[in-house]
Amino acid sequence: MKHIWTDTPTPKRTDANKRGTERRVVALPARLTWKDQRGTTRFATVLARNVSDFGVYVECQSPVSIPLFRLVQFQLERDGRESDTLPGTQQQGRVLSAVYRVSPPSASQPQGLALRLMVDPRRNIVIEQTRATA
């Protein structure tokens with residue numbers, strides 16, 4: 001039995017940015033709140049380095065032990081929330097988030113956490129439309 005295979009190349013994206021939403025470089029103070037494995041509430045002061053509609057990357061001043069997929073509350077400090085460059089989801093206050101990447105600290109960089117914001121994409125569209133018409 002003979003099989004004829006045709007390889008049709010899949011179209012490649014030529015642009016370097018393959019993200020669904022724009023990522024904005026910032027340096028804003030923020031706070032993380034979570035419960036550890038014993039149920040004790042923990043806090044950490046962090047610095048948000050970049051934000052998008054559905055994610056944020058933060059750097060911790062002192063190392064914290066937050067495992068992957070832990071739910072945390074992410075909140076920008078009050079002074080930083082008033083910027084027009086921030087997505088609407090982060091101007092509201094606390095946002096439930098999941099830790100999806102942990103970068104260990106090194107001699108040159110502090111510990112970093114990538115957070116996925118647990119927001120409904122449809123809700124974000126409504127917020128952005130409201131801001132555009134206000």
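Because the structure is predicted, anything quoted here is derived from the model rather than measured.
Judged by distance alone, with hydrogens and angles left aside, the side-chain atoms of Arg70 form a donor-acceptor pair with the main-chain N or O of Lys35 at under 3.5 Å.
Contact of the Gln111 side chain with the Glu59 side chain is not registered, since no non-hydrogen atoms from C-beta on lie closer than 4.5 Å. Here the side chains of Thr33 and Thr41 are in contact, with some heavy-atom distance below 4.5 Å. Residues Leu32 and Phe74 have side chains in contact (heavy-atom distance under 4.5 Å, counting atoms from C-beta outward). Counting heavy atoms from C-beta outward, Arg42 and Thr40 have side chains that approach closer than 4.5 Å. Under the 4.5 Å side-chain criterion, counting only non-hydrogen atoms from C-beta, Cys60 is in contact with Leu113. The shortest side-chain heavy-atom distance between Leu115 and Tyr100 does not fall under the 4.5 Å cut-off. Put simply, the side chain of Leu47 reaches to within 4.5 Å of the side chain of Arg49, judged on heavy atoms.
Both Phe69 and Trp34 are part of a single hydrophobic cluster, where members link through side-chain heavy atoms under 4.5 Å apart. Under the 4.5 Å side-chain contact rule for hydrophobic residues, Val58 and Ile66 share a cluster. Cluster annotation: Leu68 and Leu96 are assigned to distinct hydrophobic clusters (Ile/Leu/Val/Met/Phe/Trp/Tyr, side-chain heavy-atom contacts under 4.5 Å, transitive). With hydrophobic clusters built from ILVMFWY side chains whose heavy atoms lie under 4.5 angstrom apart, Leu76 does not share a cluster with Tyr57.
In plain terms, the two heavy atoms of Asn50 and Arg23 that are nearest each other are OD1-NH1, 2.6 Å. The minimum heavy-atom distance linking Asp53 with Leu117 is given by the pair O-CD1, 3.9 Å.
Rounding to the nearest 0.5 Å gives a distance of 8.0 Å between OG of Ser52 and CZ of Arg24. Atoms OG and CZ, on Ser97 and Arg116 in that order, are 10.0 Å from each other to the nearest 0.5 Å.
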